[in-house]
Amino acid sequence: MTQKKPLNPDVRSVYDRLLAHFGPQKWWPADSLLEMCVGAILTQNTSWSNVDKALHQLKEHGCLTLLALAAIDEQELARLIRSSGYFNLKARRLKAFVRFVIDGYGDLATMLASPFTRLRPALLAVYGIGPETADSILLYAAHQPVFVIDAYTTRITSRIGWVEAQVRYDDLQVLFMNHLPAEAPLFNEYHALWVMLGKDYCRPRAPRCGLCPLKSVCAEGRRSGAGA
DNA sequence: ATCCCGTTGG
DNA sequence: CCAACCGGAT
């Protein structure tokens, strides 16, 4: 009877608010496409400051090339990326990724130029690469218009009231892609802005709702005072 | 549902 | 001090 009102989040206006508040983020922070891919794997469930240290270690030891990563001993690699946590696991994952690129494409540029519909499933089949890591590489290195979903995006959109907290990765991704033009620069900025909001305002504990740029459009934010 | 794991922010 | 961290595999 009471048909559930189709949720129609104003995906665009929220983007505008975030952009106005934080300014352009110009992601992904990396000096090369390979560094971007490596960073995407190292940052799995790990704060970026710890990943940044690991990337510097790799640089200092000349290990931010495909051939160097292919040649280095896995234990030694694990030691270099220690600061990023899960170092044994991530060393294995980096090795798997590097082998995937070299064996399948010869070099990174060739892999990144591979058509999206073939590349995404191929990436997902690599050990240690799941949806978020695959889409990060596709968006930020291959410049494909695919929306990246992460823990921040899920937490924020569920608090706002757009989705339930247990929303599946693909469902939330479809929501964004159904409400936005398929433009890589737009998806790039939007994801980066979600991260900024999630880190500085929409935190797991003690969210700063009073200062949040989305206060007036947020289901939770409106509870803690009249939004302007 | 559990494991992987060092580092930092509240 | 202890959650949380730009997840993914088993």
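A, B, ... follow the sequence lines: proteins, then strands. Residue 1 opens every chain. Bear in mind the structure is a predicted one, so any value in this text is a computation, not a measurement.
At whole-Å resolution of the value, CZ in Arg168(A) and P in dG8(C) are 14 Å apart. Rounding to whole angstrom units, CD1 of residue Ile41(A) and P of dA9(C) are separated by 11 Å. Put simply, CG on Leu124(A) is 9 Å from P on dG8(C), counting in whole angstrom units. Separating the CG atom of Asp52(A) from the P atom of dC5(C) is a distance of 19 Å, rounded to the nearest angstrom. Residue Lys90(A) contributes atom NZ, which lies 9 Å from atom C1' of dG6(B) at whole-angstrom precision. Per the geometry, CG belonging to Leu172(A) stands 14 Å off P belonging to dG7(C), to the nearest Å. Between Arg82(A) atom CZ and dT8(B) atom P there is a gap of 11 Å when expressed in whole angstrom units. Atom pair Leu94(A):CG and dA9(C):P shows a separation of 14 Å (rounding to whole Å applied).
With DNA chain C read from its 5' end, the first of the two nearest nucleotides for Tyr127(A) and Asn50(A) is the one closest to Asn50(A). Looking at which nucleotide of DNA chain B each of Tyr86(A) and Lys199(A) is closest to, the 5′-most match is held by Tyr86(A). Residue-to-nucleotide proximity on DNA chain C shows that, of Arg92(A) and Ser49(A), the 5′-proximal contact is made by Ser49(A). Nucleotides of DNA chain B nearest to Ala206(A) and Ser47(A) differ in position, and the one nearer the 5' end is that of Ser47(A).
Side-chain contact between Gln44(A) and Tyr86(A) is absent, with no heavy-atom pair separated by less than 4.5 Å.
Here the side chain of Phe87(A) is nearest to one of dG10(B), dA3(C), dG6(B), namely dG6(B). Of the listed nucleotides (dG8(C), dT7(B), dC5(C)), dC5(C) has the atom at the smallest distance from the side chain of Asn45(A). When distances run from any side-chain atom of Gln44(A) to the nucleotides dC5(B), dG7(C), dC5(C), the shortest one goes to dG7(C). The side chain of Pro204(A) has dA4(C) as its nearest neighbour among dA4(C), dG7(C), dC5(B).
Here the straight-line distance linking atom CD of Gln25(A) with atom CE of Met196(A) works out to 4.5 Å at 0.5 Å rounding.
Nucleotides dC1(C) and dC4(B) have their P atoms positioned 23 Å apart, rounded to a whole Å. With P as the reference atom, dT7(B) and dG8(C) are 23 Å apart, rounded to whole Å.
Under the 6.0 Å distance and 45° angle rule, Arg79(A) does not count as a cation-pi partner of Phe87(A).
No engagement by Ser84(A) is indicated, since no non-hydrogen atom pair under 4.0 Å with the nucleic acid exists. Residue-level contact check: Gly130(A) touches the backbone only, with heavy atoms under 4.0 Å from sugar-phosphate atoms and none from bases.
Ring planes of Tyr190(A) and Trp194(A): parallel class, angle under 30° (limits at 30 and 60°).
Within the structure, every side-chain polar atom (N or O) of Arg203(A) is placed at least 4.0 Å from both OP1 and OP2 of dA4(C). Under 4.0 angstrom from either OP1 or OP2 of dC5(C) there lies at least one side-chain N or O belonging to Arg155(A).
Around atom CZ of Arg208(A), more than 12 heavy atoms belonging to other residues, nucleotides or ligands sit under 6.0 Å away.
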Item to complete: Start with the C-alpha distance between Asn50(A) and Ser47(A), add both sets of side-chain angles, then the distance that settles side-chain hydrogen bond (donor to acceptor under 3.5 Å, both in side chains), and finish with yes or no.
Response: CA-CA 6 Å; Asn50(A) 294 336; Ser47(A) 61; 3.2 Å; yes
